[in-house]
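The analysis underlying the following values was restricted to heavy atoms, covering all of them including side chains, and did not include hydrogens, waters or symmetry mates. Treat the numbers as computed from the prediction; the structure is a model and nothing was measured.
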Amino acid sequence: MTTHNQFSRCVAQYDPHALPVSAAQAIVRQWATPVTAIERVALRDALDRVLAADIVSPIDVPAHDNSAMDGYAFNGAALALNGNAAAGVNAVELTIAGKALAGHPFAGRVDLTQCVRVMTGACMPADCDTVVPQELVERAADATLIRFPAHTVKAGANRRLAGEDLARGHAALRAGRVMRASDLGLLASLGIGEVNVRRRLRVAFFSTGDELRSLGEPLEPGCVYDSNRYTLFAMLRRLNVDTLDLGVVRDEPAALEAALRNAAASADVVLTSGGVSVGEADFTRQLLHTFGDVAFWSLAMRPGRPLAFGRVWSGERPGAGSPALFFGLPGNPVAVMVTFYQIVRDVLLLMAGTTPLPLPVIHATSRQAIRKRAGRTEFQRGVAERDAQGQWHVTPTGSQSSGVLSSMSEANCFLMLGHDQADIAEGERVDIMLFDGLI
Ligand code: AMP
Ligand code: MG
């Protein structure tokens, strides 16, 4: 585990007043320690879980060579023997020796003058390595004979080989994989009905602020409903982690301390929102230093400038009780979502035991001029569409204020305006990170 001193050192390498986003991403990733506990679950319950160990195929899939078409199986050597190109005949004639259906193999043998009627998935009969599709043959009226031009198939055609999908003894799926529909089917094809997965990551979260009211409470003047707990809940659910909603905590040291220590006792990661901006950070900082290793960052990022990060403990000092990774996110609703996706998401997936692929970034042309200051990374919200020529265009959603959550709801992508990038002209190329349906 990384120690308090290592952490202080790695933070000190950067300007504490404006830590670049890439530096913050690199630091937090170093702190991710994957959960180790394993659970054995039925195949259906493995969907979206993280595979704990490689799955080695116990069998060949398919188990036998089989036909890929409805047609006639025969020995490919018959093509050269029967075709008589010199005489201009070039036709192959074979007598039908029997049939094989999926699940009902043909038990006999065939010679070079014979074939076997086969349906898709039927085992290739002994001596046969080639299938001519039924639509390419002429059949005698009494159904004893087929005839087809020799050039219509090559020897070995239309046959699936044993082990072609998965070979016995080879890894069919690797540990760390987040199980998808195809994986469930693949394991079923191996006859595997249960798998070992990592236990779900546990993430506790709460909101801080005297002005916050929970749903169902009256909204007094100057108060706002707590929306962050709902966006956090939903973003966490999408990652298939266990969530623990600890409600709203007032801006009081004792309440905050109790909530944090309680969260550290029951979760692997604690997320809070609010209380880390310049005015409030001192109070939170003082408190957190008594039982955690926490740094307060000013990120060169918009939205999401203030962020606290480190480790908190359920005991009375760092090292006492059980630890949890801690992210103190800003209070503004859009900043919560942006910091979650840009800073927190990868760490949660690493801790869950998988190695996340970055969300896809593509090029688009901006339909509007965009004001952007060099020296910080901006994640504006935008609506992207693709024109008939396949070119992507993006329009920023209206207000980019970090309190305007509707700009996030309207959007289907982030405009990724890089650290060194300045103003963008209409028609200029920008990177966008599509998120519709992905997060
Ligand atoms: P803070 O970071 O605590 O200074 O909060 C910044 C802004 O975000 C203030 O306008 C807060 O009222 C607002 N805010 C903080 N927490 C929440 C929340 N959970 N839901 C909605 N707005 C919030
Ligand atoms: Mg606050």
Side-chain angles (χ1 to χ4, degrees), residues 1-8 10-11 27-28 30-37 199-214 226 228-233 235-237 239 241-297 306-331 336 339-340 343-344 347-348 350-352:
M1 188 182 293
T2 318
T3 66
H4 180 56
N5 284 342
Q6 278 173 312
F7 178 58
S8 307
C10 67
V11 173
I27 293 170
V28 298
Q30 286 168 19
W31 280 55
T33 44
V35 294
T36 51
R199 82 151 162 80
R200 281 200 181 89
L201 191 70
R202 295 187 197 115
V203 183
F205 58 92
F206 60 84
S207 300
T208 69
D210 287 343
E211 78 282 23
L212 301 180
R213 293 293 174 270
S214 292
D226 174 8
N228 291 342
R229 268 160 57 225
Y230 291 85
T231 45
L232 280 172
F233 163 82
M235 293 188 293
L236 289 165
R237 264 302 160 87
L239 299 183
V241 301
D242 277 344
T243 55
L244 190 62
D245 182 343
L246 298 178
V248 174
V249 175
R250 303 281 158 236
D251 290 320
E252 283 164 23
L256 200 52
E257 176 171 349
L260 279 166
R261 294 200 357 214
N262 172 25
S266 39
D268 305 298
V269 181
V270 180
L271 303 179
T272 65
S273 69
V276 292
S277 54
V278 177
E280 296 176 304
D282 288 344
F283 150 81
T284 319
R285 179 186 288 125
Q286 232 169 17
L287 172 74
L288 278 164
H289 279 166
T290 64
F291 58 96
D293 306 323
V294 176
F296 283 76
W297 288 345
L307 188 106
F309 169 69
R311 188 169 275 123
V312 290
W313 295 80
S314 61
E316 282 166 13
R317 59 193 157 72
S322 56
L325 209 61
F326 170 73
F327 289 92
L329 306 180
V336 165
T339 48
F340 183 90
I343 310 282
V344 181
V347 180
L348 297 185
L350 284 170
M351 290 184 73

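Closest non-hydrogen pair, Leu246 versus Ala259, comes out as CD1-O, 4.2 Å. Considering all non-hydrogen atoms of both residues, Val270 and Ala263 come closest at CG2-CB, 3.6 Å. Closest heavy-atom contact between Gly209 and Val248: O-CG1, 4.0 Å. Nearest approach of Trp31 to Arg311, heavy atoms of both residues: CZ3-NH1, 3.3 Å. The two atoms that bring Gly247 and Phe206 nearest to each other are O-CB, 3.1 Å, heavy atoms only. Of all heavy-atom pairs between Val347 and Ala32, the closest is CG1-CB, 4.0 Å.
Inter-residue side-chain proximity for Ser214 and Arg229 is flagged as met; some heavy-atom pair is nearer than 4.5 Å. Contact check for Phe296 versus Pro306: no side-chain heavy atoms found under the 4.5 Å cut-off. Asp245 has its side chain within reach of Phe205: a pair of non-hydrogen atoms, C-beta onward, lies under 4.5 Å apart. Counting only heavy atoms from C-beta outward, the side chains of Phe340 and Leu232 approach each other to under 4.5 Å.
By the salt bridge (Lys or Arg N to Asp or Glu O under 4.0 Å) test, Arg285 pairs with Asp282, sequence neighbours left out. Looking at residues two or more places apart in sequence or on another chain, you find no salt bridge (Lys or Arg N to Asp or Glu O under 4.0 Å) involving Glu280. Residues satisfying the side-chain contact (heavy atoms from CB on, under 4.5 Å) test with Arg202, not counting sequence neighbours, are Arg199, Asp242, Ala267, Asp268. The salt bridge (Lys or Arg N to Asp or Glu O under 4.0 Å) search around Arg213 returns Glu220, not counting sequence neighbours. Under the rule for a salt bridge (Lys or Arg N to Asp or Glu O under 4.0 Å), Asp251 has no partner lying at least two apart in sequence or in another chain.
Leu260 contributes atom CG, which lies 6.5 Å from atom CG of Leu287 (distance to the nearest 0.5 angstrom). The CZ atom of Arg261 sits 12.0 Å away from the CG atom of Leu256 when rounded to the nearest 0.5 Å. Between the CG atom of Asp226 and the OG1 atom of Thr231 there is a distance of 8.5 Å, given to the nearest 0.5 Å.
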* Asked: Given Leu236 and Leu348, is the side-chain contact (heavy atoms from CB on, under 4.5 Å) satisfied, shown in steps?
  -> CA-CA 9 Å; Leu236 289 165; Leu348 297 185; 3.5 Å; yes
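Note on ring orientation: taking the six-membered ring where Trp is involved, the planes of Trp297 and Phe309 are tilted (angle from 30° to 60°).
Annotation: Glu211, atom CD; neighbour count of heavy atoms from other residues, nucleotides and ligands within 6.0 Å is above 12.
Checked by atom type and distance alone, the side chain of Ser207 never pairs as donor or acceptor with a backbone atom of Asn228 at under 3.5 Å. Formation of a donor-acceptor pair under 3.5 Å by the Ser266 side chain with backbone atoms of Asn262 is found in this model.
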Only pairs under 3.5 Å count here: list side-chain donor-acceptor contacts from residues 317-330, not counting sequence neighbours, and write none if there are none.
| from | atom 1 | to | atom 2 | distance (Å) |
| --- | --- | --- | --- | --- |
| Ser322 | OG | Ala264 | O | 3.4 |
| Ser322 | OG | Ser314 | OG | 3.4 |

